[in-house]
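Notes follow the structure.
Values below: every heavy atom of this structure, side chains too, minus hydrogens, waters and symmetry copies. Quick caveat, the model's predicted, so the values are computed rather than measured.
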Amino acid sequence: QVQLVESGGGLVHPGGAVRLSCEVSGGTFTDYAMAWFRQAPGKEREFVAAVDHGGGSTYYGRSLRGRFTIARNNDLNTMYLHIINLQPEDTAVYYCNADPGPALQIAGGRPGGSWGQGTQVTVSS
């Protein structure tokens, strides 16, 4: 099973931007579709975005398209999530997820079995 390590979270002012990274080790990166989920305090885990093995197809959670951009660099075994115009409701722990199946499957509510430890994003003035 691959190991996933997120980084890049922190305290951000409303309207700001952040880029999260997920570095993957212990396996062949291109064997996995990758995704981001988030969980806000007191709320259920929410699908944010997914990208297929090659990086050519991306999927986004409802109402999240536009401010969120997912990407991957297969040479660096790293996936990214760029978020712009951050709002307080974006405050959450953001988790990286990997699955050998199709990214569309993750987007459909079936995340893979590999998770990172999460990185906290707090949006506050």
Check your understanding: Quick one: does T119's side chain have a donor or acceptor within less than 3.5 Å of a partner on G9's backbone?
Key -> yes
Practice item. Can you see which heavy atom on N97 is nearest to which on S114, and at what distance? Key: ND2-O, 3.1 Å
Review point. To the nearest 0.5 Å, how far apart are OH in Y32 and NE2 in H53?
Key: 9.0 Å
Review point. Within a strict 4.5 Å, meaning less than it, do heavy atoms of the W115 and C96 side chains meet?
Key: no
Practice item. Report yes if the side chains of V123 and H13 come closer than 4.5 Å at any heavy-atom pair, otherwise no. Key: no
Practice item. Applying side-chain contact (heavy atoms from CB on, under 4.5 Å), run through F68 and D90 and close with a yes or a no. Key: CA-CA 11 Å; F68 293 73; D90 295 319; 3.7 Å; yes
Check your understanding: Any link between L64 and I83 through a network of hydrophobic side chains (Ile, Leu, Val, Met, Phe, Trp, Tyr) touching at under 4.5 Å?
Key -> yes
Review point. Would a distance-only check, ignoring hydrogens and angles, find a side-chain to backbone donor-acceptor pair under 3.5 Å from Q87 to N85?
Key: yes
Review point. Would F47 and F37 count as a close aromatic pair, with their ring centres under 6.0 Å?
Key: yes
Practice item. Decide yes or no for E6 and Y95: does some side-chain heavy atom of the first lie under 4.5 Å from some side-chain heavy atom of the second? Key: yes
Check your understanding: Taking side chain as C-beta onward, heavy atoms only, is Y80 less than 4.5 Å from L20?
Key -> no
**Study point:** Heavy atoms of other groups near Q105 CD, more than 12 under 6.0 Å
**Key:** yes
**Study point:** Over all atoms of both residues, closest heavy-atom pair of P102 and A33
**Key:** C-CB, 4.1 Å
**Study point:** Any donor-acceptor N/O pair, N73 side chain to T78 backbone, under 3.5 Å
**Key:** no
Exercise for review: Compare every heavy atom of P14 with every heavy atom of S125, then report the nearest pair and how far apart it is.
Suggested key: N-CD, 3.7 Å
Exercise for review: Find out whether P111 and R45 are in side-chain contact, i.e. whether some heavy atom of one side chain is under 4.5 Å from a heavy atom of the other.
Suggested key: yes
Point to revise | Gap separating the CD atom of Q3 from the CD atom of Q117, nearest 0.5 angstrom | key: 11.5 Å
Practice item. Any chance you could measure C22, atom SG, to I70, atom CD1, to the nearest 0.5 Å? Key: 9.5 Å
Check your understanding: Can D99 and R110 be counted as an ion pair, charged N to O under 4.0 angstrom?
Key -> no
Review point. Do W36 and V24 belong to the same hydrophobic cluster, where Ile, Leu, Val, Met, Phe, Trp and Tyr are linked whenever their side-chain heavy atoms lie under 4.5 Å apart, directly or via other members?
Key: yes
Review point. Are any non-hydrogen side-chain atoms of V121 and T91 less than 4.5 angstrom apart?
Key: no
Point to revise | Heavy-atom check, side chain of T69 versus side chain of Y60, under 4.5 Å | key: yes
Study note, to complete from the structure: Separation between CG (L81) and CE (M34), nearest 0.5 Å, reads 11.5 Å
Practice item. Quick one: pull up CZ in F29 and CG in D75 and give me the separation to the nearest 0.5 Å. Key: 10.0 Å
**Study point:** Euclidean distance, T28 OG1 relative to N77 CG, rounded to 0.5 Å
**Key:** 8.5 Å
Review point. For the side chain of E23 and the backbone of M79, is there at least one donor-acceptor N/O pair under 3.5 Å apart?
Key: no
Check your understanding: Under 4.5 Å between any side-chain heavy atoms of S124 and L11, yes or no?
Key -> yes
Review point. Can you tell me if Y94 and R38 form a side-chain donor-acceptor pair at under 3.5 Å?
Key: yes
Practice item. Would you mind checking if D52 and R72 are paired as a salt bridge, meaning a charged N to carboxylate O distance below 4.0 Å? Key: no
